[in-house]
Amino acid sequence: TASSDGKVPPLEPVYASSAGQLEEVFSQAGYFWPTRQVPSLTVQRLPDDLSETATDTRKSLFFRTLLPLVLAENSRIAMQRSELEKAINGDLPEQRRINIVRQLAAEYDVEGDPLAEETTDTLMNRIDAVPASLALAQAAIESGWGTSRFVREGNNLFGEWTWQASEGLKPRDRAKGADHFVRVFDDLRDSVRSYLNNLNTHAAYQRFRSLRARAAQAGREMTPTEMTAGLEKYSQRGWDYVKQVREMMSVNGLEQAVANARLSTVPERVALR
């Protein structure tokens, strides 16, 4: 999903106060659903009137909003992985290798000697892409197609929690004795980045990462549907949740819709506000 020179195209911020405005921006960019060419747009927050928008239009706007964010963040991860591979296998000065590994280890919550094989092996297991179809399906479920209170007030697309009151919103139906909050993000892209990092670092998703790594070692890519088997702990509903994610991908044809999607530049004529 990176551009031809290996860099992620900069994303142009979009501010749309209504679903109609958002549709106009996408239409000006020739961005419809599904499509292979995805303009490098980053919608800052979803419009408040999505819940009042026709179902098909709401779904289309939601998927088009999320796709460039996921593609851009996966490209960022791909570049980090390339940097790590250079640190492991490249002819770099030792201090440069140490600096690369330390920086990545801090982001991906890995401890240990930066020159140790165990450290770099763990990082290789964690620094890898998450299928866009899977991310879109989970976001649709967790945010109610972009209409939930938490995405409207906190740009939280994936239902992520925090235990810091200053960083979150209190759930209205929080169980007695519970002390979690739902995280607030500056914008939608921050939520996407946090979600990808969560799957790539949290102990609950070790199986997800192991399935992905084993498939790569076998010389094949594991399908997004197969990878959902590592999401049993994402929800208290366990396998019922996994089945819901699979159904969301299947009913909306997400694997086929985003299989060859790539970021492209935004046409100059597009008005972003």
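Throughout, residue positions are numbered sequentially from 1 according to the sequence presented. These values consider heavy atoms only, across backbone and side chains, with no hydrogens, waters or symmetry-generated copies.
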Any donor-acceptor N/O pair, [X] side chain to [Y] backbone, under 3.5 Å:
| X | Y | value |
| --- | --- | --- |
| Arg189 | Thr42 | no |
| Asp49 | Ala19 | yes |
| Arg209 | His202 | yes |
| Tyr241 | Tyr234 | no |
| Asn156 | Arg183 | yes |
| Asn197 | Arg193 | no |
| Arg152 | Thr147 | yes |
| Thr119 | Asp113 | yes |
| Ser148 | Gly144 | no |
| Ser194 | Asp190 | no |

Task: Pair listing, salt bridge (Lys or Arg N to Asp or Glu O under 4.0 Å) test, anchored in residues 51-61, at least two apart - done: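 Residue pairs with at least one partner in residues 51-61: there are none.
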
TODO: Go through the steps to decide whether Tyr108 and Ile77 satisfy the test side chain to side chain contact (heavy atoms under 4.5 Å, CB included), and finish with yes or no.
DONE: CA-CA 11 Å; Tyr108 287 88; Ile77 290 170; 3.6 Å; yes

Hey, could you give me the [atom1]/[atom2] distance between [X] and [Y], rounded to the nearest 0.5 Å?
| X | Y | atom1 | atom2 | answer |
| --- | --- | --- | --- | --- |
| Ser75 | Gln80 | OG | CD | 11.5 Å |
| Ile88 | Ile100 | CD1 | CD1 | 10.0 Å |
| Arg64 | Leu41 | CZ | CG | 11.0 Å |
| Tyr205 | Asn200 | OH | CG | 11.5 Å |
| Leu66 | Leu61 | CG | CG | 11.5 Å |
| Leu199 | Gln138 | CG | CD | 6.0 Å |

Surrounding [atom1] of [X] (heavy atoms of other residues, nucleotides or ligands, distance under 6.0 Å), is the total greater than 12?
| X | atom1 | result |
| --- | --- | --- |
| Arg36 | CZ | no |
| Glu247 | CD | no |
| Gln103 | CD | no |
| Gln95 | CD | yes |

Under a single-linkage definition using a 4.5 Å side-chain heavy-atom cutoff for Ile, Leu, Val, Met, Phe, Trp and Tyr, are [X] and [Y] assigned to the same hydrophobic cluster?
| X | Y | result |
| --- | --- | --- |
| Leu11 | Leu196 | yes |
| Phe32 | Leu71 | no |
| Ile127 | Ile98 | no |

Open item on the list: Can you tell whether the side chains of Glu255 and Arg246 come within less than 4.0 Å, N to carboxylate O?
Closed with: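 A salt bridge is absent here (no side-chain N lies under 4.0 Å from a carboxylate O).
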
- [ ] Look at Lys86 together with Glu83 and state whether they make a salt bridge at an N to O cut-off of under 4.0 Å.
- [x]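 Looking at Glu83 together with Lys86, the answer is yes, because their closest N to O distance falls below 4.0 Å.
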
TODO: In sequence, state the C-alpha distance, the side-chain angles, and the governing distance for Thr228 and Met249, and then conclude on side chain to side chain contact (heavy atoms under 4.5 Å, CB included).
DONE: CA-CA 10 Å; Thr228 60; Met249 287 196 292; 3.6 Å; yes

TODO: Test Leu115 against Glu94 for side chain to side chain contact (heavy atoms under 4.5 Å, CB included), laying out the working first.
DONE: CA-CA 9 Å; Leu115 296 177; Glu94 182 174 289; 3.8 Å; yes

Could you check whether any side-chain heavy atom of [X] comes within less than 4.5 Å of a side-chain heavy atom of [Y], counting everything from C-beta outward?
| X | Y | result |
| --- | --- | --- |
| Val151 | Phe185 | no |
| Tyr195 | Leu157 | no |
| Val70 | Val130 | no |
| Gln44 | Asn155 | no |
| Val43 | Phe26 | yes |

TODO: Can you label the angle between the Trp145 ring and the Phe63 ring as parallel, tilted or perpendicular, going by 30° and 60°?
DONE: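 Trp145 vs Phe63 ring planes: perpendicular.
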
Please name the pair of heavy atoms, one in [X] and one in [Y], separated by the smallest distance, quoted to 0.1 Å.
| X | Y | value |
| --- | --- | --- |
| Trp33 | Ser60 | CB-OG, 3.5 Å |
| Ser191 | Phe158 | OG-CD1, 3.8 Å |
| Ala261 | Leu67 | CB-CD2, 4.0 Å |

Task: Co-members of the apolar cluster containing Tyr15 [side chain, <4.5 Å] - done: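 Besides Tyr15, the cluster holds no residue at all.
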
